[in-house]
2 protein chains.
Amino acid sequence: MGTPQALGGLPLAPVAPRPELAPTSPRVGEIIAVAREVLEHEGAAALTMRRLGELLGIRAPSLYKHLAGKTQLETMLVDAALVETGDLLHGVVDRADAAGVLGDLLAAYRAHARAQPNLYRLVTAGPLRRDQLTAGVEEWAGEPFYRATGEPYLAQALWAAAHGTIILELDGRYLPGSDLDRTWAALTAAFRRPVDDDRSG
Amino acid sequence: MGTPQALGGLPLAPVAPRPELAPTSPRVGEIIAVAREVLEHEGAAALTMRRLGELLGIRAPSLYKHLAGKTQLETMLVDAALVETGDLLHGVVDRADAAGVLGDLLAAYRAHARAQPNLYRLVTAGPLRRDQLTAGVEEWAGEPFYRATGEPYLAQALWAAAHGTIILELDGRYLPGSDLDRTWAALTAAFRRPVDDDRSG
DNA sequence: AACGTTAGCTAACAGCGTTAGCCTCAGGCT
DNA sequence: AGCCTGAGGCTAACGCTGTTAGCTAACGTT
């Protein structure tokens, strides 16, 4: 298997295995698909058991023949979304060169979140039922940041910074009139220069 | 009025005026205080109109004699919290020197959020009823980041990055075993070096 | 004394996630 | 053929949420 280029040291090759989602029954797959539609097109407040039943032609309590509850449904949405995000970002890093990988990664992260803001909020906000997630899916989704930086704590800081920058954008929290392209450019510039020394500890 | 030192250029003196919160009736002040107690000590899920009434010795519908609704109550909590945050961070920048202002500011931001995580989430998550906020309160709370960086877009990126880093910490979203002190150190290091050139546009 | 305002109350509504219990139908087994 | 079992629907209902309508007692003013 031809691993990506590591010329010059960056970007690194992937090491985390791509997680395989557990297969679901056809009906559960249908429910998840409808839930995702509702979430993205009608908003998080519209994602109710009764609304899902309505679109599936059944009553809300019947959903419990297929699901343990709404929390589990949300977790499955998060699970799938994390794999997709990982696929996307790994692909970006695969195609990038050392000079541009940081900018490409951040641009892709931003575009991805803006393309499905409600799903992004669901994935990243609030507590996470880690025990219900597919094993390794978080590592898979986050690894591109490590591949782009080559240092685990810088990777984590970069991911966190990107998250903060996009979630505030999605929630309309910047002051009116802000030029967010420039904000993202400033973020990218701050992380572009490799940090060769930090006086931590 | 003795403005803080600007020796070496940084930190800058404050320019945003400290906003004055509109006074409330004594009973509304009581409600806000109780709401804040409940939010922080019992969690966001416990912040219900019936729970507030219970602690105040009245029934939930009676709260509507004082408030327009739960949203308005939350907005008032946000309003007060933003002023407090601004006061804290301005004070930190006032006392800092150019070399340490960035680290001091980020450390204070992190500590402040960790000291009242539920209030921090309320202030920063989800949509904001900007028209119900006291005018200028967001500028006041955010200005310390400008004073510390001297450049508006870098300031915005720094604030967003700090927000992302702390909100993931509060929500337990980092991989288990992460050393968050080192993550914060990496973030600080990335922003410490002044960015003299970014090829934006 | 009469009035209006303030601030409490109960009852109720619509919507939420969820549970209990019932029914019907398809498929496999004896 | 007859039986049984499980899957997947259903209705009714519970407790919770924010919120509204309408009533009432107290208080201050004219």
Side-chain angles (χ1 to χ4, degrees), chain A residues 22-79 118-119 121-123 125-129 131-132, chain B residues 22-79 118-119 121-123 125-129 131-132:
Chain A
T24 68
S25 77
R27 195 58 164 153
V28 170
E30 243 181 305
I31 296 171
I32 295 176
V34 169
R36 187 157 168 171
E37 282 290 310
V38 170
L39 174 64
E40 211 45 78
H41 292 78
E42 305 179 22
L47 186 61
T48 71
M49 302 303 267
R50 285 169 177 85
R51 176 70 182 136
L52 291 181
E54 191 181 342
L55 292 172
L56 287 159
I58 62 179
R59 299 307 175 94
S62 301
L63 290 167
Y64 289 80
K65 299 292 182 178
H66 306 278
L67 304 166
K70 195 188 178 187
T71 304
Q72 192 202 31
L73 174 60
E74 292 175 336
T75 304
M76 291 190 294
L77 286 173
V78 169
D79 220 24
N118 290 315
L119 184 60
R121 269 193 215 94
L122 181 68
V123 169
L128 181 63
R129 292 304 311 268
D131 53 333
Q132 293 181 7
Chain B
T24 67
S25 77
R27 193 61 163 153
V28 170
E30 240 181 308
I31 295 172
I32 295 177
V34 169
R36 186 156 172 175
E37 282 290 309
V38 170
L39 174 63
E40 212 46 76
H41 292 41
E42 306 178 23
L47 187 61
T48 70
M49 302 302 267
R50 285 171 177 83
R51 177 68 182 137
L52 291 181
E54 190 181 341
L55 291 172
L56 288 158
I58 63 178
R59 300 307 174 93
S62 302
L63 290 167
Y64 290 79
K65 299 292 180 179
H66 306 278
L67 304 166
K70 195 187 176 187
T71 304
Q72 193 201 30
L73 173 59
E74 291 174 337
T75 304
M76 291 191 293
L77 286 173
V78 170
D79 221 23
N118 291 315
L119 184 59
R121 270 193 215 94
L122 181 68
V123 169
L128 182 63
R129 293 303 311 268
D131 53 332
Q132 292 180 7

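Just so it is clear: chains get the letters A, B, ... in the order the sequence lines come, proteins before strands, and each one is counted from 1.
- One can place CD1 of B:Ile31 at 15 Å from C1' of D:dG18, the figure rounded to the nearest angstrom.
- With C:dC9, D:dT17, C:dG17 as the choices, the nucleotide that has an atom nearest any side-chain atom of B:Thr48 turns out to be D:dT17.
- Looking at heavy atoms from C-beta onward, B:Leu63 lies in side-chain contact with B:Leu56 at the 4.5 angstrom threshold.
- Using a 4.0 Å cut-off on heavy atoms, the residues of residues 50-58 of chain B that approach DNA chain D are B:Arg50, listed by number.
- Taking atom NZ on B:Lys70 and atom P on D:dC16, their separation rounds to 15 Å, with Å as the unit.
- Looking at B:Val34 and B:Glu30, their side chains never come closer than 4.5 Å, going by heavy atoms from C-beta outward.
- Residue B:Arg59 places at least one side-chain N or O under 4.0 Å from the OP1 or OP2 atom of C:dT10.
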Trace of the side chain to side chain contact (heavy atoms under 4.5 Å, CB included) decision for A:Leu73 with A:Leu52: CA-CA 11 Å; A:Leu73 174 60; A:Leu52 291 181; 3.4 Å; yes

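- Computed from coordinates, the A:Gln72 CD to C:dT18 P distance equals 10 Å when rounded to whole Å.
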Stepwise side chain to side chain contact (heavy atoms under 4.5 Å, CB included) test for B:Val28 and B:Met76: CA-CA 10 Å; B:Val28 170; B:Met76 291 191 293; 4.1 Å; yes

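- To the nearest 0.5 Å, the span separating CD on B:Glu37 from CG on B:Leu55 amounts to 9.5 Å.
- No side-chain donor-acceptor contact under 3.5 Å links B:Glu42 to the backbone of B:Leu47.
- Rounded to whole Å, atom C1' of D:dC14 lies 16 Å from atom CE of A:Met49.
- Considering only side-chain N and O atoms, B:Arg27 lies under 4.0 angstrom from the phosphate OP1 or OP2 of C:dG8.
- For the pair B:Ser62 and C:dA7, the criterion of a side-chain N or O lying under 4.0 Å from OP1 or OP2 is not met.
- Between B:His66 and C:dT6, a side-chain N or O to OP1/OP2 separation shorter than 4.0 Å is absent.
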Verdict with supporting geometry, A:Glu54 and A:Arg50, side chain to side chain contact (heavy atoms under 4.5 Å, CB included): CA-CA 6 Å; A:Glu54 191 181 342; A:Arg50 285 169 177 85; over 6 Å; no

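- Within the model, atoms OG1 of A:Thr24 and CD1 of A:Ile32 stand 5.0 Å from one another, a figure rounded to the nearest 0.5 Å.
- Atom OH in B:Tyr64 sits roughly 14 Å away from atom C1' in D:dA21 (whole-Å rounding).
- Between B:Glu30 atom CD and C:dA7 atom C1' the separation is 13 Å, expressed in whole Å.
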Side chain to side chain contact (heavy atoms under 4.5 Å, CB included) between B:Ile58 and B:Arg27, intermediate numbers included: CA-CA 12 Å; B:Ile58 63 178; B:Arg27 193 61 163 153; 3.5 Å; yes

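- No contact: B:Leu67 has no heavy atom under 4.0 Å from any strand.
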Per-nucleotide protein contact string for nucleotides 20-27 of chain C (B base, S sugar-phosphate only, - none; heavy atom under 4.0 Å): --------

